[in-house]
**Q** 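Right, I'll just put the structure down here and ask away after.
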Amino acid sequence: MRALVLFGTRPEAIKLAPVIKELKRRGRKPQVCVTAQHREMLDQVLRLFEIRPDWDLGIMRPDQSLFQITTRGLGAIEGVLEAARPELVLVQGDTTTAFVGALAAFYRKIGVGHIEAGLRSGDKLAPFPEEMNRRLADELSDWLFAPTEKAKANLLREGFPKERIFVTGNTVIDALLWMAERLKAPAAQARLERKFAELGLDPEKRLILVTAHRRESFDRLGAICQGLRLIAENNRDVELVYPVHLNPRVQGPVRRALQGLERVHLLEPLDYEAFVWLMSRAYLILTDSGGLQEEAPSLGKPVLVMRERTERPEALAAGTAKLVGLDPQEIFQEAQRLLSDPAEYAKMARAVNPFGDGHAAERIVAILEEQLS
Ligand code: UD1
Ligand code: UDP
């Protein structure tokens, strides 16, 4: 099986690292190509998981448009497919790299495996452009690796043949459990305690971990920040920690709104080890990220999802996540409820695993081996 694993951003790298590891473990020698749609945030993950790409297309530009990612990515992948001559291209998720990777492979009549297939919000514009990216990637794919039964049902409803759909769990849980195990080492704990003490975090305070970066929320970041501000101002025993995405359209408004506020720590993006450690220390998570909605339930952390809708309804159904929208008062009041009502908090703070059991990568590689020999 000559597989080329193709990705470009932080979440794809985290979710494909377990697949690359498993392919190597089985002696399959995968080739790896990164578009580098992200640079620093991708490199953090590559370093941590010791992935050395065979091709690095370096397409990131400051404040890049969707047109730039698409045309630069597609153009650059052509040469890689010519040189690598894979029989299978593996892409992950809903980024523009995932979509153009699948499209490029299709243009060369190479088989495509889509990991994390079948997620649907039902709204073409939210998340934007991810909902369309993943639908298009699904259409272009030959193997659809659905993380959950719900995702499989979405694909069946759209008419994809059942022989091409495989429920595997989400590989993010593989990565998360691997990291959680690694963090058990006392040396790692001590190192991270030191790191966060240096950053001025107070271990006596309850920690609220925040991330927000979605394109469709850019013009609502002010409202999100207003909600965060209300939480910080009204709770002296709470600290907000927000590693801010490097997108200038996120950095600008977030820093203008929150920089210098008491009990609010705006950080650079953290490497995955430090971030998982923070998640495990958090009392509560506020986010618009897809990955965090999947990781937090495994760690027993309540998640307030700052979006109008989600393509990951499994954690809502399990009761550990709640959609709170983008209204500042709503964000504040929902957080306040969890900070002040122990019974409400206990209801949400249960470890559940609707997204996987940590063996998704093994299943994916086993299926591909069976089918491709
Ligand atoms: C991308 C994905 C989104 C995913 C997110 C994860 C698309 C269209 N969007 O969105 O689905 O949820 O990644 O984070 O595929 N930047 C840096 N350094 C970095 C990364 C980004 O400086 O390491 C800045 C650059 O100015 C870049 C901008 O952020 O132009 C936006 O990056 P881009 O990949 O276009 O979009 P994201 O919002 O990161
Ligand atoms: N993450 C990280 N460092 C951070 C913020 C997030 O390692 O500072 C991890 C997080 O645990 C998750 C992934 O990055 O696995 C989510 O990435 P992001 O929010 O950029 O993308 P999304 O999930 O929204 O596509």
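What you see below is based on every heavy atom in this structure, not just the backbone, and it leaves out hydrogens, waters and symmetry mates.
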**Q** Among Thr168, Leu90, Leu23, exactly one meets side chain to side chain contact (heavy atoms under 4.5 Å, CB included) together with Val365. Which residue is that?
**A**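 For Val365, the side chain to side chain contact (heavy atoms under 4.5 Å, CB included) test succeeds with only one of Thr168, Leu90, Leu23, which is Leu23.
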
**Q** If only side-chain N and O atoms count, and only distance matters, is there a donor-acceptor pair under 3.5 Å linking Thr287 with Gln293?
**A**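 Looking only at side-chain atoms, Thr287 and Gln293 do not form any donor-acceptor pair under 3.5 Å.
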
**Q** Distance to the ring centre below 6.0 angstrom and angle to the axis at most 45 degrees; does that hold for Arg206 and Tyr283?
**A**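 Pair Arg206/Tyr283 counts as cation-pi.
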
**Q** Can a salt bridge be assigned to the pair Arg249 and Asp63 using a cut-off of 4.0 Å between side-chain N and carboxylate O?
**A**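 A salt bridge is present here (some side-chain N lies under 4.0 Å from a carboxylate O).
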
**Q** Should the heavy atoms of other residues, nucleotides or ligands under 6.0 Å from CD of Gln336 be counted, would the total exceed 12?
**A**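 Yes, enclosed.
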
**Q** Are Glu314 and Lys150 ion-paired here, with the side-chain N under 4.0 Å from a carboxylate O?
**A**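 The answer is no: the pair does not qualify as a salt bridge.
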
**Q** As an exercise, state the distance from CZ of Arg229 to CD of Glu262, rounded to the nearest 0.5 Å.
**A**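 Between atom CZ of Arg229 and atom CD of Glu262 there are 11.5 Å.
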
**Q** One pair to check against side-chain contact (heavy atoms from CB on, under 4.5 Å): Phe196 and Leu207. What are the steps and the verdict?
**A** CA-CA 12 Å; Phe196 286 98; Leu207 189 156; over 6 Å; no

**Q** Considering only NZ, NE, NH1 and NH2 on the basic side and carboxylate oxygens on the acidic side, decide whether Asp202 and Lys205 come within less than 4.0 Å.
**A**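 Salt bridge flag = yes for Lys205 with Asp202.
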
**Q** Does Arg337 come within less than 4.0 Å of Glu334, counting only side-chain N to carboxylate O?
**A**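 Looking at Arg337 and Glu334, the cut-off is met.
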
**Q** Check whether any side-chain heavy atom of Phe7 sits under 4.5 Å from a side-chain heavy atom of Ile20, and report yes or no.
**A**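 Contact flag for Phe7/Ile20 side chains = yes.
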
**Q** Kindly indicate, with the supporting measurements, whether the criterion side-chain contact (heavy atoms from CB on, under 4.5 Å) is fulfilled by Phe275 and Leu209.
**A** CA-CA 9 Å; Phe275 194 77; Leu209 182 59; 3.8 Å; yes

**Q** Going by an N to O cut-off under 4.0 Å, is there a salt bridge joining Arg108 and Glu82?
**A**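 A salt bridge links Arg108 with Glu82.
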
**Q** Could you check whether any side-chain heavy atom of Asp123 comes within less than 4.5 Å of a side-chain heavy atom of Glu131, counting everything from C-beta outward?
**A**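 With C-beta onward as the side chain, the pair stays apart.
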
**Q** Please tell me if the side chains of Pro269 and His245 come closer than 4.5 Å, counting only heavy atoms from C-beta onward.
**A**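 Contact flag for Pro269/His245 side chains = no.
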
**Q** Cluster question for you: counting only ILVMFWY and a side-chain heavy-atom cut-off of under 4.5 Å, with indirect links fine, are Ile59 and Phe99 together?
**A**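 Yes, it is one cluster - the side chains of Ile59 and Phe99 are joined through contacts under 4.5 Å.
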
**Q** Indicate whether the side chain of Gln37 and that of Thr97 have a donor and an acceptor atom separated by less than 3.5 Å.
**A**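 Short answer, yes.
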
**Q** Do Ile224 and Leu228 touch side chain to side chain, with heavy atoms closer than 4.5 Å?
**A**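 SC-SC contact between Ile224 and Leu228 confirmed.
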
**Q** To the closest 0.5 Å, what do you measure between OG (Ser298) and CG (Asn170)?
**A**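 So the OG of Ser298 and the CG of Asn170 are separated by 10.0 Å.
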
**Q** Connecting only ILVMFWY residues whose side-chain heavy atoms lie within less than 4.5 Å of each other, what is the rest of Val352's hydrophobic cluster?
**A**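 Its cluster mates, by chain and number: none.
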
**Q** If you define the side chain from C-beta out and look only at heavy atoms, does anything of Ile115 sit under 4.5 Å from Ile364?
**A**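 Touching, per the 4.5 Å side-chain cut-off.
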
**Q** With a 3.5 Å distance limit and no angle check, can you tell me whether Ser121 reaches the backbone of Ala126 through a side-chain donor-acceptor pair?
**A**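 Yes; at least one donor-acceptor contact below 3.5 Å.
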
**Q** Is the closest side-chain heavy-atom distance between Met306 and Val210 below 4.5 Å?
**A**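 Yes; the side chains approach each other to less than 4.5 Å.
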
**Q** Are any non-hydrogen side-chain atoms of Glu239 and Ile208 less than 4.5 angstrom apart?
**A**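 Side chain of Glu239 against side chain of Ile208, heavy atoms only: no contact under 4.5 Å found.
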
**Q** Just checking, any donor-acceptor pair under 3.5 angstrom between side chains of Arg255 and Gln259?
**A**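 Side chains of Arg255 and Gln259: pair found under 3.5 Å.
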
**Q** Does any non-hydrogen side-chain atom of Gln31 lie less than 4.5 Å from one of Arg2?
**A**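 Counting from C-beta outward, Arg2 and Gln31 never come under 4.5 Å.
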
**Q** Glu181: which residues meet the side-chain hydrogen bond (donor to acceptor under 3.5 Å, both in side chains) condition with it, sequence neighbours left out?
**A**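 For Glu181 the side-chain hydrogen bond (donor to acceptor under 3.5 Å, both in side chains) partners, ignoring immediate neighbours, are Lys184.
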
**Q** Out of curiosity, Leu368 CG to Arg28 CZ, how far, rounded to the nearest 0.5 Å?
**A**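 Result: 9.5 Å between the selected atoms.
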
**Q** Charged N to carboxylate O under 4.0 angstrom, Glu216 versus Arg309?
**A**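 So Glu216 does not pair with Arg309 through a salt bridge.
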
**Q** Is there a side-chain contact (heavy atoms from CB on, under 4.5 Å) between Leu299 and Leu176 once you walk through the steps?
**A** CA-CA 9 Å; Leu299 299 171; Leu176 178 70; 4.2 Å; yes

**Q** Looking at Arg363 and Asp174, is any side-chain nitrogen of the basic one under 4.0 Å from a carboxylate oxygen of the acidic one?
**A**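 The answer is no: the pair does not qualify as a salt bridge.
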
**Q** Do Tyr272 and Trp178 pass the ring pair (Phe, Tyr, Trp, His ring centres under 6.0 Å) test, and can you show the C-alpha distance, the side-chain angles, and the key distance before you say yes or no?
**A** CA-CA 11 Å; Tyr272 192 53; Trp178 175 80; 8.2 Å; no

**Q** In plain terms, say whether Asp54 and Lys29 are close enough for a salt bridge, that is, a side-chain N and a carboxylate O under 4.0 Å apart.
**A**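 The answer is no: the pair does not qualify as a salt bridge.
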
**Q** Who pairs with Ala188 by side-chain contact (heavy atoms from CB on, under 4.5 Å), at least two apart in sequence or on another chain?
**A**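 Per chain and number, Ala188 pairs via side-chain contact (heavy atoms from CB on, under 4.5 Å) with Leu183, Ala185, Arg191.
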
**Q** More than 12 heavy atoms of other residues, nucleotides or ligands under 6.0 Å from CZ of Arg85: yes or no?
**A**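 Counting neighbours around CZ of Arg85, 12 or fewer heavy atoms of other residues, nucleotides or ligands fall under 6.0 Å, so no.
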
**Q** Please report the interatomic distance OG(Ser217) to CZ(Phe128), rounded to the nearest 0.5 Å.
**A**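 Result: 12.5 Å between the selected atoms.
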
**Q** Could you tell me whether Glu130 and Arg134 have a side-chain N and a carboxylate O separated by less than 4.0 Å?
**A**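 The answer is no: the pair does not qualify as a salt bridge.
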
**Q** Nearest 0.5 Å, what's the NZ-OG1 distance between Lys21 and Thr171?
**A**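 Separation between the atoms: 12.0 Å.
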
**Q** Check Asp288 with Arg220, please: is the shortest side-chain N to carboxylate O separation under 4.0 Å?
**A**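 Between Asp288 and Arg220 there is no salt bridge, as every charged N stays at least 4.0 Å from the carboxylate O atoms.
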
**Q** Are the charged groups of Arg194 and Glu198 less than 4.0 angstrom apart, N to O?
**A**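 Salt bridge flag = no for Glu198 with Arg194.
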
**Q** Mind running side-chain contact (heavy atoms from CB on, under 4.5 Å) on Leu155 and Arg164 for me, showing each step along the way?
**A** CA-CA 10 Å; Leu155 292 167; Arg164 280 168 44 201; over 6 Å; no

**Q** Using atom types as modelled and distance alone, determine if a side-chain donor or acceptor of Asn235 lies under 3.5 Å from a backbone N or O of Val238.
**A**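 No, Asn235 side chain to Val238 backbone: no donor-acceptor pair under 3.5 Å.
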
**Q** Assess the side chains of Trp277 and Glu193: does a donor N or O sit below 3.5 Å from an acceptor N or O?
**A**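 No donor-acceptor contact under 3.5 Å links the two side chains.
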
**Q** For the residue pair Thr95 and Asn133, confirm or rule out a side-chain donor-acceptor distance under 3.5 Å.
**A**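 Their side chains do not contain a donor-acceptor pair, so the 3.5 Å distance test is not met.
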
**Q** Under 4.0 Å between a side-chain nitrogen and a carboxylate oxygen: does that hold for Glu295 and Lys301?
**A**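 No.
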
**Q** Return yes if some donor-acceptor pair links the side-chain N/O of Thr148 with the main-chain N/O of Ala151 below 3.5 Å, else return no.
**A**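 Such a contact is found between Thr148 side chain and Ala151 backbone.
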
**Q** Closer than 4.0 angstrom, basic N to acidic O: yes or no for Asp43 and Arg39?
**A**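 Result for this pair is yes, salt bridge flagged.
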
**Q** Suppose clustering is done on Ile, Leu, Val, Met, Phe, Trp and Tyr with side-chain heavy atoms closer than 4.5 Å. Which residues sit in the same group as Met60?
**A**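 Met60 clusters with nothing; isolated.
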
**Q** Give a yes or no on this: more than 12 heavy atoms of other residues, nucleotides or ligands lie within 6.0 Å of atom CZ of Phe106.
**A**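 At most 12 heavy atoms, drawn from other residues, nucleotides or ligands, come within 6.0 Å of this atom.
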
**Q** How many angstroms lie between CG in Asn353 and CG in Leu177, if you round to the nearest 0.5 Å?
**A**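 Nearest 0.5 Å value for the CG-CG distance: 7.0 Å.
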
**Q** If hydrophobic residues (ILVMFWY) are linked whenever their side-chain heavy atoms come closer than 4.5 Å, directly or via other members, who joins Leu246 in its cluster?
**A**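 For the cluster that includes Leu246, the remaining residues are Met41.
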
**Q** Tell me, please, which residues at least two apart from Arg312 pass side-chain hydrogen bond (donor to acceptor under 3.5 Å, both in side chains).
**A**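 Per chain and number, Arg312 pairs via side-chain hydrogen bond (donor to acceptor under 3.5 Å, both in side chains) with Glu116, Glu294.
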
